[in-house]
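What you see is a predicted model, and the numbers here were worked out from it, not measured in a lab. In the text below, chain A, chain B and the rest are named by the order of the sequence lines, each starting its count at 1.
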There are 2 protein chains.
Amino acid sequence: MTARRRQEGTSVIPGNLHVPEDCRAVSEVLSRVGDKWTILVVSELGNGSRRFNEIRRSLGSISQRMLTLTLRGLERDGLVTRTVFPTVPPRVDYELTKLGRSLLEPVSGIGLWARQNRAAIQDARQRFDAAVGSAA
Amino acid sequence: MTARRRQEGTSVIPGNLHVPEDCRAVSEVLSRVGDKWTILVVSELGNGSRRFNEIRRSLGSISQRMLTLTLRGLERDGLVTRTVFPTVPPRVDYELTKLGRSLLEPVSGIGLWARQNRAAIQDARQRFDAAVGSAA
DNA sequence: CTGGATCCATAGCGATACTG
DNA sequence: CAGTATCGCTATGGATCCAG
């Protein structure tokens, strides 16, 4: 039970994820990035500074509550800055930090993949469902 | 409600995500990729074909149920193949498809970012919590 | 060994109402 | 406009038991 790793793979990807330490790191980031809204918000902010309701409308379907929570989380993790203008009515601007912008690159990779392979996924899904349906 | 896109940004990232159509695509993929286990499983399978309990042990903490569900989902979406050997005891191998391997690249991008910036995030988190704590 | 079925606890998230 | 607070539903995910 000491060494049960397979040696065959020699790591196709440029950094192993199966080391426990890395697993935690990835899982942590994933629970931030992988939630329902983070990537969309970050992507929107990738186009420049935005006000609260601007983001809200640009995403269309996000609830006020979730946008607040998402932005709070991003702010907490140092990915966006929150600038309050003490005017009336109040105005709050959100903007990506350097760290936040650095996330834009890997995130856009996922986004690109998503758009390129969505059709393939939907197709596979239909085939799978059909097969399961007929088998049952 | 016809055209509410800003023109200023000129898209830092190589593909806009704020088009409704793309938003759905990304959200879809995200709900598959962004769950608690998919990325870890895909990463592990990136090193080669694996049996059910091999994956299970390599991740350590995943429950049997969730591994089954995750693999089923991945199979449904055409990202992994499931090969059953009708032996006794039964043996089932999982392996990434071409589509699955193509996901490995953007995923490893996220993984890389995670490892590189985990410290920065944790740091920002502590500062934020300290600030909020003192403000309250 | 692989994995289905069930029970249960919690987290996520939307809807709504209220405040500065 | 930009939040906060509360409620309630649903999805997620773990534990456990059962079966081929």
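Atom pair B/I55:CD1 and C/dT2:C1' shows a separation of 12 Å (rounding to whole Å applied). What separates CZ of B/F52 from C1' of C/dG4 is a distance of 11 Å, to the nearest Å. Straight-line distance from the CG atom of B/L67 to the C1' atom of C/dC1: 13 Å, rounded to whole Å. If you take CD1 of B/I62 and P of C/dG3, they are 13 Å apart, rounded to a whole angstrom. Atom-to-atom, CG of B/L71 to P of C/dC1 comes out at 16 Å; the value is rounded to the nearest Å. Regarding A/Q64, its CD atom lies at a distance of 12 Å from the C1' atom of C/dG14, rounded to whole Å. Taking atom CG of residue B/N53 and atom C1' of nucleotide C/dC1, one finds them 6 Å apart after rounding to whole Å. A/R56 places its CZ atom 11 Å from the C1' atom of C/dA15, with the value rounded to the nearest Å.
When each of A/V92 and A/R65 is assigned the nucleotide of DNA chain D with its nearest heavy atom, A/V92 is the one assigned upstream, toward the 5' end. Nucleotides of DNA chain C nearest to A/S61 and B/T68 differ in position, and the one nearer the 5' end is that of B/T68. When the nearest nucleotides of DNA chain C are assigned to A/K36 and A/P89 by heavy-atom distance, the more 5′-ward of the two goes with A/K36.
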* Asked: Step by step, would you call A/T97 with A/R101 a side chain to side chain contact (heavy atoms under 4.5 Å, CB included)?
  -> CA-CA 6 Å; A/T97 63; A/R101 279 191 299 277; 5.9 Å; no
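Using a cut-off of 4.0 Å between Lys/Arg side-chain N and Asp/Glu carboxylate O, B/R127 and B/D123 are scored as salt-bridged. Using a 4.0 Å cut-off between charged side-chain N and carboxylate O, A/R91 and A/D93 make a salt bridge.
In this structure, CG in A/L30 is found 7.5 Å from CG in B/L40, a value given to the nearest 0.5 Å. Note that OG of A/S43 and CG of A/L59 are 9.0 Å apart. Values are rounded to the nearest 0.5 Å. Going from atom CG of A/L103 over to atom CD1 of B/I121 covers 7.5 Å, rounded to the nearest 0.5 Å.
Between the B/T38 side chain and the B/R32 main chain, a donor and an acceptor come within less than 3.5 Å of each other.
Side-chain N/O atoms of A/R82 and A/Y94 include a donor and acceptor closer than 3.5 Å.
Between its two ends, the helix from C/dC1-D/dG20 to C/dG20-D/dC1 turns its axis by 40°, counting five pairs per end and rounding to 10 degrees.
Taking B/R65 as the reference, nothing meets the side chain to side chain donor-acceptor pair (under 3.5 Å) condition, with sequence neighbours excluded.
Along DNA chain D, the stretch of nucleotides lying under 4.0 Å from any heavy atom of chain A spans, 5' to 3', D/dC1 to D/dT6.
B/F85 comes within 4.0 angstrom of nothing in the nucleic acid, heavy atoms only. Heavy atoms of B/R82 sit under 4.0 angstrom from primed sugar atoms or phosphate atoms, though from no base atom.
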